[in-house]
> 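Let me give you the structure first, and then I'll get to my questions.
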Amino acid sequence: MTPEDAGLSRPAPLDRLTIRALVQAALQEDAAQQDLTSNALVPVDQQGRAVVVAKSDGVVCGLQFALETYYAVEPRVRWMPAVSEGLRVAAGATIAHVDGPVHAILRGERVALNYLGRLSGIATQTADCVRAVAGSGARILDTRKTTPGLRVAERYAVRVGGGRNHRNDLRSAMLVKDNHIAAVRARGGGLAEAVRLAVAAAGPATAVEVEVTSLDELREAIDAGARAVLLDNLTPGALAEAVGLARQAGVTTEASGGITLATLPDYAASGVDFISLGALTHSVTPMDISLQVVPEALSGG
């Protein structure tokens, strides 16, 4: 089964230099070139092989990270995927084969599995959410609640799972949130003034979205010129009413706050355009993946 057969997207891969930089930092953190245990137990000329196995169900993501890990540790290690990026596999499935110097396989093991496990966990959770809203028209978004230093990798995993990325960073778009409005109120203004200031400051290529928490705030934001709103912490019923009001004004809608996989269908039924979930990246359960060295010498062939 291909990722397309499973209903998932096949996003463009990350560029190799970006992956290599992330992998190098992780290998340095793990002191992979100073593995005391492998140095003591495994001769540098011992050749062998290993198999990478899924120990839980999930969507595989991060194969290129594992490849770059082993290339950085020892170019003679061969990383051979047995599945495609974005494929949903069952527990017990073989994900990849590895062969080469055993000491190098062991030095890169943890970094390769850390990337595979975390990115596959994000892709899996995202795919589950996308599946939960299928047919509704709602699209699943991530947030900036990412692991410091790993945002580009984690947002890639969201795309592999079929989700979409919200603004990448603070310069990508304007999102007028409660604390921005509080700062304006401290100067004697309010929500409408915050919206007007943001719209006036935005260039033609800069999107402006406004967070609102009630129908009254929604009306105020629309009247002030908002063209996209983040409807925060509304019940599904209140969200449906807010979406109807925003749609009449031609305003794009996003729902967020307290939404779980179990409640996603109820929120999606409101007709909202987007649903964003910080949990896609900030509280993901990594996919359980292991590497097992085959206890036999690698043949000359």
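Remember, predicted model here, so these are calculated numbers, not experimental data.
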> Answer yes if the side chains of Q64 and Y156 hold a donor-acceptor pair under 3.5 Å, and no otherwise.
no
> Which residues pass the side-chain hydrogen bond (donor to acceptor under 3.5 Å, both in side chains) test with Q46, not counting sequence neighbours?
none
> One pair to check against salt bridge (charged side-chain N to carboxylate O under 4.0 Å, His left out): D142 and R155. What are the steps and the verdict?
CA-CA 7 Å; D142 59 12; R155 291 168 70 87; 3.4 Å; yes
> Please find the pair of heavy atoms, one from L63 and one from L116, that lie closest to each other, and give the distance.
N-CD2, 3.8 Å
> I'd like to know if the side chain of D15 pairs up with that of T18 as donor and acceptor (distance under 3.5 Å, no hydrogens or angles considered).
yes
> Does the side chain of S276 pick up a donor-acceptor pair with the side chain of E254 at under 3.5 Å?
yes
> Determine, for E209 against R227, whether the closest basic-nitrogen to carboxylate-oxygen distance falls under 4.0 angstrom.
no
> Please test V23 against I19 for side-chain contact (heavy atoms from CB on, under 4.5 Å), starting from the C-alpha separation and ending with a verdict.
CA-CA 6 Å; V23 162; I19 296 175; 4.1 Å; yes
> State whether the side chain of R151 and the backbone N or O of N168 hold a donor-acceptor pair below 3.5 Å, judged by distance alone.
yes
> Check step by step if side-chain hydrogen bond (donor to acceptor under 3.5 Å, both in side chains) holds for E154 and T147.
CA-CA 8 Å; E154 293 180 346; T147 306; 2.7 Å; yes
> Is a side-chain N or O of Y70 found less than 3.5 angstrom from the main chain of I105, in a donor-acceptor match?
yes
> Cut-off 3.5 Å, side chains only: do Q292 and S290 have a donor facing an acceptor?
yes
> Among all residues two or more places apart in sequence or in another chain, which pass the side chain to side chain contact (heavy atoms under 4.5 Å, CB included) test with V89?
A54, V60, V83, L87, A93, M287
